[in-house]
**Student:** 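One structure follows; several queries about it will come next.
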Amino acid sequence: MSLAFSLSRETAYLLGGVGALLVIASLIGFVLSKRTSTDAGRATIANLNARIRAWWMMVAVFGAAVATGVIGATVLFALLSFLALREFVTLTPTRRGDHMALSWIFFIVVPFQYLLVAIQWYGLFSIFIPVWAFLFLPARIAVSGDPERFLERAAKIQFALMICVYCVSHVPALLMLDLKGYTNNAGLLLFLVIVVQMSDVLQYVWGKLFGRHKVAPTISPSKTWEGLIGGVLSATALGAGLWWITPFTPLQAAGMSLLITILGFAGGLTMSAIKRDSGVKDFGALIEGHGGVLDRIDSLCFAGPVFFHVTRFYFG
Amino acid sequence: MSGGILAGFIAGVARLLAGATVRYAGYEPAAGQRVYFANHSSHLDFVVLWSALPSAERAKTRPVAGSDYWDKSAVRRFLAREVFRAVLVDRTGQNRERSPVDDMVAALEAGDSLIIFPEGTRGDGTAIAPFKSGIFHVASKKPQVDLVPVMIENLNRILPKGEIVPVPLLSSITLGPPLRLGTGETKEDFLARLRGELERLG
């Protein structure tokens, strides 16, 4: 682990490739904005261009974090966890008696979980939240003496912590994996994030172009079977093509990509169900065109831990 | 001057901590003098509202607060008088010479804007309490000053009454259309109308 800017040649190529992709996307967005004439079409293209602009920013921040190694990546994902948790808990109807338990998760649990990532203490990292925090929180809520909807409140706070902190922390934790004959762990992190995020983008594109049959119309009106299948297959092909940055063979990279894109879809659908239940469209408004932080990383929440453990089990 | 620097710093921390979204629902921010009146459920209320104002407005906007609370210790007094330039008023009614209304009118005559919480004290964040009559008397004496309703949401969850450690959730501040005292409007009607306008923003 090093603090200085250090990118392996492969990682640098990959980030350059992402930059080139964004240049192409920006050009397409520009051409579309000139060609569209209907009002509805213009609104879609304006949203598309806002999303592309936000992608530039996200890629710049992410690239800088990965280039600064374990510390940069850990700090970035700690911040994302904090912001996502804030969005989630804001929408959760907590009561006065939850106040101290919530202070604990924001100011103690989040920093400590990421400290464990930074010092690469796998044993405690993998159980700190599910064992220690999950037992402590309901007890702390009970101490404050409000029994109303107790189980519901404790469970919602645990779920928030699970999704926004525990799951997300597995992404920078990829850097601590000790794999056979492979040391470029930043490449593994890049592979996960690029495949999952590109799967979101490709599902959006396939859905906009060919989407007709909705997967779960009561949960999310924008997720279609055409978008799902087209997006998952094309993102899997993309992931297979990125095998050279990973410890996988091309076939293994395809299998991994299929796994994480399907999990990413499951994550997006689950979080959509929560938003639907809370009566909101987005978790926040921090990233223009995308909504909140949690809207952008929902797929990563599900894909991250599974990718971490499958990689650790078969390649560690 | 050190008070001013500290004030800027506190405004920054408040913005970070409370992540307030500011919404204009019928109010256009502009230069000029006005009285912001808001619901009250947290110590952070006026800091967050004040930190959300454009910095030129912030420099001449003073919160109105109870001297029984803010004059109690040296730190509170310093914060209230030097940092926030609060208009400290006597809520107990013991001072017969000078009423809270006189203090507020004097601040308006000096050209400043005010932030007031007409409920008089912090509530639990669920309902808005009936308004105290001070705002009516101020409006009668200065009828040309706009009264801007400000709905502050979620701050009671960020720092409720009686807690010291905050929970950094997202809050929102909604500013509604400016109001004035109608000709011949009674005190009861006026206070009820203001409270209704504030509730409507929630």
Side-chain angles (χ1 to χ4, degrees), chain A residues 78-111 133 137 140-141 143-146 148-149 153-154 156-158 160-161 164-165 275 278-288 291-295, chain B residues 10-25 27 29 38-45 47-49 51-52 119 121-129 150-175 200-202:
Chain A
L79 207 61
L80 292 177
S81 272
F82 187 90
L83 295 171
L85 187 65
R86 158 190 254 195
E87 291 169 357
F88 196 110
V89 178
T90 298
L91 284 183
T92 306
T94 59
R95 286 169 63 84
R96 180 71 163 75
D98 304 329
H99 189 84
M100 278 314 292
L102 292 171
S103 293
W104 270 90
I105 67 173
F106 278 99
F107 295 120
I108 307 290
V109 178
V110 173
L137 286 172
R140 182 63 191 83
I141 297 170
V143 167
S144 57
D146 177 5
E148 198 171 315
R149 297 190 290 110
R153 286 155 51 206
K156 282 181 172 171
I157 294 173
Q158 287 179 334
L161 199 52
C164 304
V165 186
K275 285 184 272 192
S278 305
V280 295
K281 196 181 147 288
D282 292 321
F283 277 108
L286 196 66
I287 315 172
E288 201 200 341
V293 170
L294 197 48
D295 298 296
Chain B
I10 292 174
V13 171
R15 275 199 297 268
L16 194 70
L17 204 68
T21 314
V22 182
R23 285 193 289 254
Y24 297 109
Y27 169 77
N39 57 319
H40 199 18
S41 63
S42 167
H43 270 320
L44 293 176
D45 282 337
V47 185
V48 172
L49 165 53
S51 66
E119 294 167 271
T121 187
R122 285 173 288 158
D124 63 3
T126 52
I128 301 174
V150 184
M151 186 66 178
I152 303 177
E153 284 170 293
N154 247 2
L155 283 181
N156 58 306
R157 291 177 69 201
I158 294 173
L159 191 69
K161 202 168 182 167
E163 295 286 354
I164 305 165
V165 187
V167 173
L169 302 180
L170 299 164
S171 61
S172 78
I173 295 175
T174 310
L175 294 94
R200 205 173 53 78
L201 295 176

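Everything numeric here is computed off the predicted structure, so don't read it as measured data.
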**Student:** How would you list all residue pairs meeting salt bridge (charged side-chain N to carboxylate O under 4.0 Å, His left out) that involve residues 156-166 of chain B, not counting sequence neighbours?
**Tutor:** A:Arg96-B:Glu163

**Student:** Which value, rounded to the nearest 0.5 Å, describes the distance between B:Leu170 atom CG and A:Arg86 atom CZ?
**Tutor:** 5.0 Å

**Student:** Can you name the one residue among B:Val167, B:Leu169, B:Ile158 that meets side chain to side chain contact (heavy atoms under 4.5 Å, CB included) with A:Thr90?
**Tutor:** B:Leu169

**Student:** Which residues pass the salt bridge (charged side-chain N to carboxylate O under 4.0 Å, His left out) test with B:Arg122, not counting sequence neighbours?
**Tutor:** none

**Student:** Please classify the contact between A:Phe82 and chain B as side chain, backbone, both or neither, with a heavy-atom cut-off of under 4.5 Å.
**Tutor:** side chain

**Student:** A:Phe106 versus B:Pro166: any side-chain heavy-atom pair under 4.5 Å?
**Tutor:** no

